[in-house]
Amino acid sequence: MKELDWEYIDALMPRRAAESSKNDYGRILCVCGSAGYTGAAFFAAQGAVRMGSGVVTLAVPERAWPVLAVKLSEPVVRPLPCTEDGLFSVRALPRLLELAEHADALLIGCGLGRSDEATEVVCTLLCEAACSIVLDADGIFALAQHKDILHRTAKPLVMTPHAGEFARLSGKKQMQPEELRAFAQENRCTVLYKAHRTLIAAPDGRLFRNHTGNPGMAKGGSGDTLAGMLVSLIGQGLAPEDAACAAAWLHGAAGDSAANRYGEYGMTPTDLLACLPGVTRRYNTREW
């Protein structure tokens, strides 16, 4: 098992070219949110923005659009057809697939909610979207009901489960590192297993352990921010397992910065987002 450290992460992070534009830093599509769960979509989109993506598009059910269109300035927020209870409708699929055609990476699941139609949306995107996919939260819940899709995804898949979600996926209540490694190899995916010491399992059998982060991050919105950071790095060209390692480390480092500034009790995911630029400042091309 590789123990992550600053030296390893620094070697992964790309430097931004002087002659470049937003099109050089990834076009991200986040399929997230539902009526009543707008915060998850907000943090996912802002995580991608703060991690350096060139263009972030957030596709949301139309009943969630008024809230997120007001809260978000940098991402493009697209309202799509929804069910009566404010979750994605299957009628959104043609537009979602169209948006995915222009994306370098796709995030599915944060605040998505659970319904038969939402599950169909998730499974269809997994099978037909032609870009790398990060699957989080309710996206993982939908996949757990149709695990055969893991062998039919069009492009590389990264999943970000916590203990309960991984148990639902794997059928194992107590996860051991070797079981995580075996799951990633068998299903040809990258797994970022969220824990006190987050583990990243690559499809080629490599296993990594993160050493940043603190108990103050155990609040709603932290995982959504991580998912946004992860999909951003994939969109910027990092291999899925490298993006997972870098996102886990930098997310934890930003959380540690927030804990030092505000304390573990009072810090919020909003504070973590605010601290992230201070963490990634080390990758500036020069002192301006």
Side-chain angles (χ1 to χ4, degrees), residues 1-5 8-9 12-13 28 30 32 40 43-44 47-48 50-51 105-110 112 122 126 132-144 147 150 153 155-170 172 175-214 217-218 221-236 238-255 269 272 276:
M1 184 186 299
K2 169 66 177 176
E3 306 291 343
L4 296 179
D5 55 27
Y8 189 85
I9 301 304
L12 295 178
M13 290 296 292
I28 302 305
C30 301
C32 300
F43 284 114
R50 285 291 196 181
M51 198 62 250
L106 169 62
L107 168 60
I108 308 171
C110 304
L112 202 66
V122 171
L126 285 171
S132 296
I133 296 174
V134 175
L135 197 65
D136 186 52
D138 289 327
I140 295 174
F141 179 86
L143 176 67
K147 286 183 280 191
L150 282 169
T153 55
K155 289 290 183 177
L157 176 66
V158 184
M159 290 185 285
T160 58
H162 54 55
E165 290 165 342
F166 187 74
R168 192 177 295 114
L169 278 172
S170 66
K172 298 181 182 299
M175 190 281 299
Q176 298 299 321
E178 288 306 315
E179 293 173 341
L180 186 69
R181 187 201 306 267
F183 181 90
Q185 288 181 293
E186 178 184 348
N187 294 289
R188 302 177 296 109
C189 63
T190 298
V191 182
L192 188 158
Y193 181 88
K194 294 181 286 194
H196 169 56
R197 289 291 173 245
T198 290
L199 298 175
I200 297 97
D204 62 6
R206 287 179 295 158
L207 196 61
F208 306 85
R209 181 158 50 199
N210 185 54
H211 289 274
T212 60
N214 64 81
M217 298 167 67
S222 292
D224 306 307
T225 303
L226 172 61
M229 293 170 61
L230 172 50
V231 75
S232 171
L233 289 171
I234 294 175
Q236 292 179 61
L238 271 69
E241 61 272 19
D242 291 341
C245 289
W249 182 272
L250 296 171
H251 179 257
L272 188 155
L276 181 58

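Just so it is clear, the model here is predicted, and its values are computed rather than measured.
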Query raised in the report: Taking C-beta and beyond as the side chain, do F43 and L272 meet within less than 4.5 Å on heavy atoms?
Result: no

Query raised in the report: Nearest heavy-atom pair of V122 and G139: which atoms, and what distance?
Result: CG1-O, 3.9 Å

**Report entry** Note, Y8 side chain near D242 side chain (heavy atom, < 4.5 Å)
**Finding:** yes

Query raised in the report: For I133, does its backbone N or O pair with a side-chain atom of K155 as donor and acceptor, under 3.5 Å?
Result: no

**Report entry** pair M159-L157: side-chain heavy atoms closer than 4.5 Å
**Finding:** yes

Requested in this report: Drop me the distance from R209's CZ to D5's CG, to the nearest 0.5 angstrom.
Outcome: 13.0 Å

Query - Side chains of L276 and M229 in contact at under 4.5 Å (non-hydrogen atoms) - result: yes

Query - Donor-acceptor under 3.5 Å (S170 side chain, F166 main chain) - result: yes

Sequence neighbours left out, cut at 3.5 Å: what donor-acceptor pairs do the side chains of residues 198-206 make with other protein atoms?
{"from": "T198", "atom 1": "OG1", "to": "A195", "atom 2": "N", "distance (Å)": "3.3"}
{"from": "T198", "atom 1": "OG1", "to": "A195", "atom 2": "O", "distance (Å)": "3.2"}
{"from": "D204", "atom 1": "OD1", "to": "R206", "atom 2": "N", "distance (Å)": "3.1"}
{"from": "D204", "atom 1": "OD1", "to": "R206", "atom 2": "NE", "distance (Å)": "3.2"}
{"from": "D204", "atom 1": "OD2", "to": "R206", "atom 2": "NE", "distance (Å)": "2.9"}
{"from": "D204", "atom 1": "OD2", "to": "R206", "atom 2": "NH2", "distance (Å)": "3.2"}
{"from": "R206", "atom 1": "NH2", "to": "E241", "atom 2": "OE2", "distance (Å)": "2.9"}

Query raised in the report: If you measure from CG on L250 to CD1 on I9, what distance do you get to the nearest 0.5 Å?
Result: 6.5 Å

Report task. Please step through side-chain contact (heavy atoms from CB on, under 4.5 Å) for the pair T212 and M217, ending with a clear verdict. Result -> CA-CA 11 Å; T212 60; M217 298 167 67; over 6 Å; no

Query raised in the report: What's the verdict on side-chain contact (heavy atoms from CB on, under 4.5 Å) for V134 and I234, showing C-alpha distance, side-chain angles and the deciding distance?
Result: CA-CA 9 Å; V134 175; I234 294 175; 3.7 Å; yes

Report summary line: When every non-hydrogen atom of P240 is compared with those of L230, the smallest separation belongs to O-CD1, 4.4 Å

Query raised in the report: Any side-chain heavy-atom pair from T160 and L226 closer than 4.5 angstrom?
Result: no

Query raised in the report: Hey, are the side chains of C245 and L12 touching, using non-hydrogen atoms and a 4.5 Å cut-off?
Result: yes

Query raised in the report: Heavy-atom count around K172 NZ within 6.0 Å, excluding the residue itself: above 12?
Result: no

Query raised in the report: Are L233 and M13 close enough that some pair of their side-chain heavy atoms sits under 4.5 Å apart?
Result: yes

Query raised in the report: Is the backbone N or O of S222 less than 3.5 Å from a side-chain atom of H251, with the two atoms forming a donor-acceptor pair by type?
Result: yes

Query raised in the report: Closest heavy-atom contact between H211 and L4?
Result: CD2-O, 3.9 Å

Query raised in the report: Minimum heavy-atom separation for C32 to G109, with atom names?
Result: SG-N, 4.3 Å

Query raised in the report: Would you call S132 and V158 a side-chain contact if the rule is heavy atoms closer than 4.5 Å?
Result: no

Report task. First locate atom CG of L169, then atom CE of M175, and finally report the distance between them rounded to the nearest 0.5 Å. Result -> 12.5 Å

Requested in this report: Give a yes or no on whether a salt bridge exists between E178 and R181, defined as a side-chain N under 4.0 angstrom from a carboxylate O.
Outcome: yes

Requested in this report: Calculate, to the nearest 0.5 Å, the distance between atoms NZ and CG belonging to K2 and L207 respectively.
Outcome: 12.5 Å

**Report entry** Side chain D136, main chain D224, donor-acceptor under 3.5 Å
**Finding:** no

Query raised in the report: What closest approach, in Å, do A40 and C110 show between heavy atoms, and which atom pair accounts for it?
Result: CB-C, 3.7 Å

Report task. Any chance you could measure Q236, atom CD, to L238, atom CG, to the nearest 0.5 Å? Result -> 7.5 Å

Requested in this report: Please report the closest heavy-atom contact between I28 and S232, naming both atoms and the distance.
Outcome: CD1-CA, 4.1 Å

Show which side-chain atoms of residues 186-193 pair as donor or acceptor with protein atoms under 3.5 Å away, not counting sequence neighbours.
{"from": "N187", "atom 1": "OD1", "to": "H151", "atom 2": "NE2", "distance (Å)": "3.4"}
{"from": "N187", "atom 1": "ND2", "to": "F183", "atom 2": "O", "distance (Å)": "3.0"}
{"from": "R188", "atom 1": "NH2", "to": "H151", "atom 2": "O", "distance (Å)": "3.2"}

